[in-house]
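Below, chain A is the first sequence line, B the second, and so on; all start at residue 1. Source: prediction; values computed, not measured.
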Number of protein chains: 2
Amino acid sequence: MSDNKIKNMEDFAAVSGLSRPTVSKYFNDPNSVRSSTRDRIEAALQKYDFHPNIYAMNQNRKLTNNVGIVVPYLSDPVFAELARKVEENCILAGFRPTLFSAHGQPRLEVEILDGLRLLKPSGVLIAPLGRTPNRAVIEKFCADVPTVLFDSFLPDTGLGFAGSNNPQFAHLIVDYLCRTGEYPSFLEMRTPANPNANRRRQAYIAAMENLGFEPSIVKIDGEGWAFEEIGRSGGGKALLEKQFATNTILCSNDRLAIGFLTACYENQIRVGRGPDCDIRVAGMDDHPFSRFTCPPLTTVAQDFESVAKEAVSILVASIEGREISKPSTFFDGRLVMRESA
Amino acid sequence: MSDNKIKNMEDFAAVSGLSRPTVSKYFNDPNSVRSSTRDRIEAALQKYDFHPNIYAMNQNRKLTNNVGIVVPYLSDPVFAELARKVEENCILAGFRPTLFSAHGQPRLEVEILDGLRLLKPSGVLIAPLGRTPNRAVIEKFCADVPTVLFDSFLPDTGLGFAGSNNPQFAHLIVDYLCRTGEYPSFLEMRTPANPNANRRRQAYIAAMENLGFEPSIVKIDGEGWAFEEIGRSGGGKALLEKQFATNTILCSNDRLAIGFLTACYENQIRVGRGPDCDIRVAGMDDHPFSRFTCPPLTTVAQDFESVAKEAVSILVASIEGREISKPSTFFDGRLVMRESA
DNA sequence: ATTAAAAATTAACACGCGTAAAATTTTATC
DNA sequence: GATAAAATTTTACGCGTGTTAATTTTTAAT
């Protein structure tokens, strides 16, 4: 640990008895130098702990080691989990991921993308907010920077996509609910913050018609990302006004369901599938807290791990110049039966 | 938008009819040039949309625009919220914040700090994991990089600290619970992931003794950051074994309380302050989800906004060379009365 | 031991911008 | 309009690394 004034690669090359270009080669790919050379460098690294200046590196390199990860709303535990797994996979693939959240604001999403351009990243993984005005911005961005979309699909944009098979989610839970009791009414926001909501609604309708039932959708007011509060107030109002066609409610997502469960509690409506219960409630996503609601929420679990892995693997393939065999993958969800339905 | 091959500041200076050093001055501080000059540059910016290469900038600048934000666990919505507000305040202060989560792993916390050194940030805001083996690492880091701690206090470390007055939290809620009913037993993890837990326990003891009651603490097993599950399983076990001295349970934090509420539900124990209820439950933090538990959780709200603002303001003061009048600030919590207690 | 191939060295330029000193121009003051 | 002050230009060097071409050294194969 005698780091005697090793200020740059020049100095470090000197103390390791090599030339700077050789050392530079090593840092760009340790396997590009002879193993005996590699050993000398690594021995010197132990003694002097030198780190190349990343700004000087990135200034000249065609490809930085940076990867940007952008999610619409990091305070939403579903996205926090997804982002965590994407980050993990990026690190495993040898990248330096940087995490960004649009905090639900389209303006911020644009700013993040602008900032990312300056970082000259090797690639970007983005779960778009999905708001119409930003579609063009994201398309433009994808044209400039190797970008993989995840979670929320945009047609003909980016290198590829990995996300959930939202229609399958709705079919799965609708089938389950119908099989085990009354057919479900659907609860959602009138203007969903996330475009996956639309696919889930459409699949709900299709699944219902498939089984010969009349779809029944209750749309509640509320803007933004405070889904629980929207589910509570809007869902409570819908309950009081008896807007639901049946006593089985399928919520567009778990966060909405969590708020709706609170509304049920406030109105002394017993939730569950027991004989003494008034109503069944189900969601979609398998939000980290869904297991801890009262009663625990029946839902469809997203396969975060597969989504994250696939998204990163598309990016890696593209960066390494390989063909992308399957640009878009939609992973099936898994039914999670708990006590709420 | 006729961006005709403007590749660097040289080119851009040419098309704006100025010299490169003047343009460079402008980008480092628009007010450092004459207003007529500023206008010419900004007019040219409209036409050519040039952005200085941040790698070249940061290579030579004494101070980069970067600020690192490090939190122990981003999937915990309490930290997600806190991080969001810190980020917001950094942007307002003119910085480029980058967010990192240690994901509860001390090893990752060290790696993040190592990575941050390379970024040569103007400053770092860190909420330490608080695990003993990392204390030395963080102290060393603080000696090298201007660093402000938040949320979790470490004595004699960094430029300053902003966090919650955890002892006051416990006093506040203990007083409330004693005033409105039976005195509380305390539920916590045997080996808390977060060091604030220790301050809360000590303050619970002090508050109880202050009021002439015998403190009663139930410690439950469980490692890691899955607090809800630990609260559910450990709390449920404690309930069955009748470990609690009273029927009022104060949980060390909201996430533990959320899990404990689930345990109560599973054991058909009615939670609340009504005459038909069996038990009262309270937490600390005001977790975003606490308003939506069944029943809604009585708790003490952290003043995230003040903590974030103060932490950033300490950093800004230090960077601008001003005296830091008050290095450590502990913000009081606000009692949030809901139905659980 | 000879020879071809692989790896390392040397020398040099490039990247894009910060910054400093001296010379020049512009602006403000009286 | 003269003078001082402020802003800008010119010139030049520095930052730490990537990268390339020509040369030398080392390794592997015969």
Side-chain angles (χ1 to χ4, degrees), chain A residues 3-45 48-66 96 117-122, chain B residues 3-45 48-66 96 115 117-122 319:
Chain A
D3 24 15
N4 311 341
K5 61 216 166 200
I6 304 283
K7 281 291 160 193
N8 47 22
M9 201 178 276
E10 193 82 51
D11 291 357
F12 179 74
V15 298
S16 34
L18 294 164
S19 71
R20 188 175 65 76
T22 303
V23 174
S24 172
K25 265 192 92 180
Y26 168 85
F27 278 109
N28 283 303
D29 178 8
N31 292 316
S32 68
V33 300
R34 196 163 34 207
S35 71
S36 60
T37 310
R38 192 162 50 240
D39 293 344
R40 288 169 70 181
I41 293 179
E42 277 158 8
L45 273 179
Y48 297 94
D49 111 296
F50 159 77
H51 297 276
N53 181 309
I54 59 172
Y55 295 113
M57 286 178 67
N58 288 335
Q59 180 172 17
N60 303 316
R61 254 218 279 247
K62 33 204 125 213
L63 233 54
T64 68
N65 218 352
N66 302 327
R96 272 186 136 266
R117 284 171 193 276
L118 305 183
L119 285 181
K120 300 187 193 306
S122 289
Chain B
D3 22 16
N4 312 342
K5 61 217 167 198
I6 303 285
K7 280 290 160 192
N8 46 20
M9 202 179 275
E10 193 82 52
D11 291 358
F12 180 73
V15 298
S16 31
L18 294 164
S19 71
R20 189 176 64 75
T22 303
V23 173
S24 171
K25 267 192 89 179
Y26 167 85
F27 278 109
N28 283 303
D29 177 9
N31 292 315
S32 68
V33 300
R34 198 160 34 206
S35 72
S36 61
T37 309
R38 193 161 50 238
D39 292 345
R40 288 170 69 181
I41 293 178
E42 278 159 7
L45 274 179
Y48 297 94
D49 112 295
F50 159 76
H51 297 277
N53 180 309
I54 60 171
Y55 296 113
M57 286 178 66
N58 288 335
Q59 179 171 16
N60 304 314
R61 256 217 278 246
K62 35 203 123 213
L63 235 53
T64 68
N65 220 352
N66 302 328
R96 272 186 138 267
R117 284 170 192 277
L118 305 183
L119 284 181
K120 301 189 191 303
S122 290
I319 289 173

Nearest-Å distance for atom pair [atom1]/[atom2], residues [X] and [N]:
X: Arg38(B); N: dT26(C); atom1: CZ; atom2: P; value: 19 Å
X: Leu118(B); N: dT17(D); atom1: CG; atom2: C1'; value: 14 Å
X: Lys25(B); N: dG16(C); atom1: NZ; atom2: C1'; value: 20 Å
X: Asn28(A); N: dG16(D); atom1: CG; atom2: P; value: 18 Å
X: Met57(A); N: dC15(D); atom1: CE; atom2: C1'; value: 16 Å
X: Lys120(B); N: dG18(C); atom1: NZ; atom2: P; value: 16 Å
X: His51(B); N: dC17(C); atom1: NE2; atom2: P; value: 12 Å
X: Asp29(A); N: dT17(D); atom1: CG; atom2: P; value: 18 Å

* **Asn66(A) vs Asn58(A) side-chain heavy atoms within contact, under 4.5 Å** => yes
* Can you find a pair of side-chain heavy atoms, one from Asn53(B) and one from Lys120(A), that are under 4.5 Å apart? -> yes
Which nucleotide, [options], lies nearest any side-chain atom of [X]?
X: Leu18(B); options: dG16(D), dT8(D), dA20(C); value: dT8(D)
X: Gln59(B); options: dT17(D), dC15(D), dT9(C); value: dC15(D)
X: Met9(B); options: dG18(C), dG16(D), dT9(C); value: dG18(C)
X: Asn60(A); options: dC17(C), dT19(C), dG18(D); value: dG18(D)

* Under 3.5 Å: donor-acceptor pair, side chain of Arg38(A), backbone of Tyr26(A) -> no
* Asked: Does the Tyr55(B) side chain pair with the main chain of Leu119(A), one donor and one acceptor, at a distance under 3.5 Å?
  -> yes
Which part of the nucleic acid, if any, lies within reach of [X] when heavy atoms closer than 4.0 Å are counted: base, sugar-phosphate only, or nothing?
X: Pro21(A); value: base
X: Lys62(B); value: sugar-phosphate
X: Asn58(B); value: nothing
X: Phe50(A); value: sugar-phosphate

Indicate whether OP1 or OP2 belonging to [N] is found under 4.0 Å from a side-chain N or O atom of [X].
X: Thr37(B); N: dT8(D); result: yes
X: Asn53(A); N: dC15(D); result: no
X: Thr22(A); N: dA8(C); result: no
X: Ser19(B); N: dT10(D); result: no

* To do: Verify whether one side chain among Asn28(B) and Arg61(B) offers a donor that lies under 3.5 Å from an acceptor in the other.
  => yes
* To do: Indicate the ring-plane relationship of Phe50(A) and Phe27(A), choosing parallel, tilted or perpendicular according to the 30° and 60° boundaries.
  => perpendicular
* Asked: Any donor-acceptor pair under 3.5 Å joining the side chain of Arg20(A) to the base of dG18(D)?
  -> yes
* Structure fact -> DNA chain D nearest-nucleotide lookup for Ser24(A) and Arg34(A): closer to the 5′ end is Ser24(A)
